[in-house]
Amino acid sequence: MLQLALFLCVGLGHASVSGANDDHAGVVSPDDAREHIRERVQRGEIKSLAELRRIVAGEVDGEIVSTSIDQEHGVTVYEFRVLRPDNRMVEVEIDAASGVVLEIENDE
């Protein structure tokens, strides 16, 4: 649960986590979440954001305008919103560990 809160923290700016014996919620700071992600990159568990951005740029023409990270079914997934040259917004989901593009939404 803590990992999920850390990942959500990147996209939401903060997240609440409560322990099993704690009635009060603690707050995970964005800095703690970024540090957790940085450690996972250093251990080789997930690819760096720069590497994932290169993969997305090779798949979809346009400018990456936002990035978020999430856990989906136990898999760390980055979602990139890309503004294409024709002014359409495309969302690209990519597996952070393997670099495999999982889905491209609105790419008709």
Side-chain angles (χ1 to χ4, degrees):
M1 182 65 170
L2 179 58
Q3 282 184 332
L4 177 59
L6 290 172
F7 294 122
L8 291 174
C9 186
V10 173
L12 301 176
H14 71 281
S16 295
V17 246
S18 47
N21 297 323
D22 186 9
D23 291 336
H24 302 286
V27 175
V28 177
S29 74
D31 288 340
D32 289 343
R34 282 189 289 273
E35 182 60 30
H36 178 74
I37 292 167
R38 190 174 7 263
E39 289 170 359
R40 291 193 65 205
V41 169
Q42 289 173 346
R43 289 193 303 262
E45 295 174 8
I46 60 175
K47 296 188 179 303
S48 70
L49 183 57
E51 186 173 353
L52 295 171
R53 288 175 63 91
R54 283 191 293 273
I55 294 169
V56 170
E59 292 287 327
V60 177
D61 186 32
E63 179 184 350
I64 296 172
V65 296
S66 70
T67 304
S68 61
I69 188 170
D70 200 359
Q71 284 281 91
E72 293 183 9
H73 309 290
V75 176
T76 304
V77 176
Y78 272 90
E79 180 179 287
F80 294 87
R81 295 186 79 202
V82 181
L83 182 61
R84 295 178 54 118
D86 61 2
N87 289 323
R88 288 186 16 239
M89 189 67 66
V90 177
E91 294 179 0
V92 180
E93 290 187 3
I94 187 167
D95 182 314
S98 67
V100 170
V101 173
L102 302 172
E103 183 176 13
I104 300 177
E105 295 180 16
N106 303 325
D107 188 35
E108 298 173 351

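Small disclaimer: the values here were computed from a predicted structure and weren't measured.
Listed by chain and number, the residues in a side-chain hydrogen bond (donor to acceptor under 3.5 Å, both in side chains) with D86 are R88 (sequence neighbours excluded). In this structure, the side-chain hydrogen bond (donor to acceptor under 3.5 Å, both in side chains) partners of R38, at least two apart in sequence or on a different chain, are E35. For R54, the side chain to side chain contact (heavy atoms under 4.5 Å, CB included) test picks out A50, E51, with sequence neighbours left out.
Tested against V77, the residues I69, D95, L102 include a single side-chain contact (heavy atoms from CB on, under 4.5 Å) partner, L102. Paired with F80 under the rule side-chain contact (heavy atoms from CB on, under 4.5 Å), one option of T67, V60, V90 passes, and it is T67.
For the residue pair T76 / Q71, a side-chain donor-acceptor distance below 3.5 Å is found, with atom types taken as modelled.
Using a 4.5 Å cut-off on side-chain heavy atoms (C-beta onward), R53 and I64 make contact. Taking 4.5 Å as the limit, some side-chain heavy atom of E93 sits within range of a side-chain heavy atom of E105.
Distance CD/E72 to CD/E103: 8.5 Å, rounded to 0.5 Å. Taken from CG in L49 to CZ in R34, the straight-line distance is 12.0 Å, to the nearest 0.5 Å. To the nearest 0.5 Å, atom CE of residue M89 and atom OG of residue S66 are 7.0 Å apart.
Under the 4.5 Å side-chain heavy-atom criterion for grouping Ile, Leu, Val, Met, Phe, Trp and Tyr, L83 is not connected to V92 through any hydrophobic cluster.
Closest heavy-atom contact between G62 and P85: CA-CD, 4.1 Å. Annotation for S98 and K47: closest pair O-CE, 3.2 Å, computed over non-hydrogen atoms.
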